[in-house]
Amino acid sequence: MGKRRVPDLYRAPFPLYSIKVDPKTGLVITAGGGGASKTGIKNAVHFLDLRLVGEHQYCASLLHSHDTETRATMNMAVGGSVIAAGQDGTCCLMSFKHRLQQEGDKAASKDGSGVQQGHARRRAVKRGKGGQDEAVGSGDMSELKDETAHISVTALAEVLSDLNPQDPLQKVVRFSPDLSLLLTGGTDGHIRVWEFPSMKKKFDFKAHEGEIEDLDISPGNKHLVSAGRDFSCSVWSGSQLAVGLNWLETMPQIAAKTYRYMACRFGSVEDQKDTTRLYTVQIPHKRDRKPPPCYLTKWNGQSFLPMLTASCGTEVISSLAVSDSGTFLGLGTVTGSVAIYIAFSLQKLYYAQESHGIVVTDLAFLPDSLKGKNLKGKNETAMLSVAVDSRCQVHAVPNRRSFSIWLVLFLCGLVVMAVVLLLQYLFPEFI
């Protein structure tokens, strides 16, 4: 079987490092850049409008480009109408507003207040024969539409989120589910928790020896979880260590310190409102000629005991995402592949080998809000991916065919009757 062909939904003029979907407006927000190097590659945050045309045709519009000057956004979180962007060793907060522009308002919009008015650029994607996606049209330039929109971006605050004296870099940022806290982690190994929106520092503690790879916060803000390059993944209650995770309990044949934790995410459980799960990704600490597999582990969200561990291939995992419902997990790899797994069984549902040309830097499922459901159409789920190759892609899983329970019972009844009649014919004295 050949590689799954996934066309580009959008292509930016700079490397992309982060992508998020605002559940209120449905805006797709992606960011990146070339950093401070004088290569001519700009740094910006792009606001995209994603639409589903028909059942399987997607189109993306560039609504606004917000210049971040000499700093590239390496990671990002969206809470309400606020973006928290990791730029070097700082966390920059900015608010955004989206307003649809009426034809009569075009002349009045040119007020120089940081609002962009311009033509939207769309690139359509449709489902071709055999279930593969195809790009509408040819070349990188997509069809131009005469649509305009108001996106205004306002700087709110900026805090130092990493104090590494050599090369400060914020590596991860998260809002708490209730938007009362903002969490940051970086190369200095510290977790910093800020009260939002006041940005008053609540906690600042050394969590890992070395870089923090990932962190997350549970519903209700009860626990923090952090993954570091020091082979540890820790659960925190406030600034106090609650428990250190040990995924090797499920894989005792693997030697200690041959794998390290790369990512960690909390997820809900479908149809179980008060139940949570924790998911972690473990990758080999060293590269071998014969690459060992990476592993995905599901944990009980209350006891933090491992429930299930499964191999997720030999491609080194670079990113992890969990759908809002907790039904699906998304994985990206350093070789540009994208996969979607079923959270309950950790079985692979979708795989696009090397759909990007290089490292997949971030993933985002379409949200389960009203806007997200409209965008998913007849798909069971859909996920966006970005990579260093400047490309944004959408990965959709069509609804799997299912049968009515009444139809299944009816067919079972027919089978039973057929068996009884056959036995009566072959063995008249059977009944």
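Remember, it's a predicted structure, so these values are computed and weren't measured experimentally. We're numbering straight along the sequence, starting at 1.
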Check your understanding: Is there a donor-acceptor pair closer than 3.5 Å between any side-chain N or O of Asn43 and the backbone N or O of Glu69?
Key -> yes
Check your understanding: If we ignore angles and hydrogens, is there a donor and acceptor under 3.5 Å between the side chains of Thr280 and Trp247?
Key -> no
Check your understanding: Counting N and O atoms only, with roles assigned by atom type, does the side chain of Asp230 sit under 3.5 Å from a partner on the main chain of His208, one being a donor and the other an acceptor?
Key -> no
Practice item. Count the heavy atoms belonging to other residues, nucleotides or ligands that lie under 6.0 Å from NZ of Lys201, then report whether that count exceeds 12. Key: yes
Review point. Between the side chain of Ser95 and the main-chain N/O of Val82, is any donor-acceptor distance below 3.5 Å?
Key: no
Review point. So, the side chain of Asn399 versus the backbone of Lys378: is there a donor-acceptor pair under 3.5 Å, distance only?
Key: yes
Exercise for review: Could you tell me whether the side chain of Asp324 and the main chain of Pro367 form a donor-acceptor pair under 3.5 Å?
Suggested key: no
Exercise for review: Using atom types as modelled and distance alone, determine if a side-chain donor or acceptor of Lys171 lies under 3.5 Å from a backbone N or O of Thr184.
Suggested key: no
Check your understanding: When you check the gap from the basic side-chain N to the acidic O, do Lys286 and Asp288 get nearer than 4.0 Å?
Key -> no
Practice item. Return yes if a side-chain donor-acceptor contact under 3.5 Å exists between Ser355 and Gln393, otherwise no. Key: yes
Review point. For the side chain of Thr276 and the backbone of Gly267, is there at least one donor-acceptor N/O pair under 3.5 Å apart?
Key: no
Check your understanding: How close do Asn221 and Pro177 get, heavy atom to heavy atom, and via which atoms?
Key -> OD1-CD, 3.7 Å
Review point. Any sub-3.5 Å donor-acceptor pair from Arg192's side-chain atoms to Ser161's backbone N or O?
Key: yes
Review point. Going by an N to O cut-off under 4.0 Å, is there a salt bridge joining Glu213 and Arg260?
Key: yes
Check your understanding: For residues Thr187 and Asn164, is any side-chain donor paired with an opposing acceptor at under 3.5 Å?
Key -> yes
Exercise for review: Verify the ring-centre separation between Tyr261 and Phe231: is it less than 6.0 angstrom?
Suggested key: no
Review point. Does the side chain of Tyr350 come under 3.5 Å of the side chain of His395 through a donor N or O and an acceptor N or O?
Key: yes
Practice item. Would you confirm whether the ring centroid of His223 sits within less than 6.0 angstrom of the ring centroid of Phe304? Key: yes
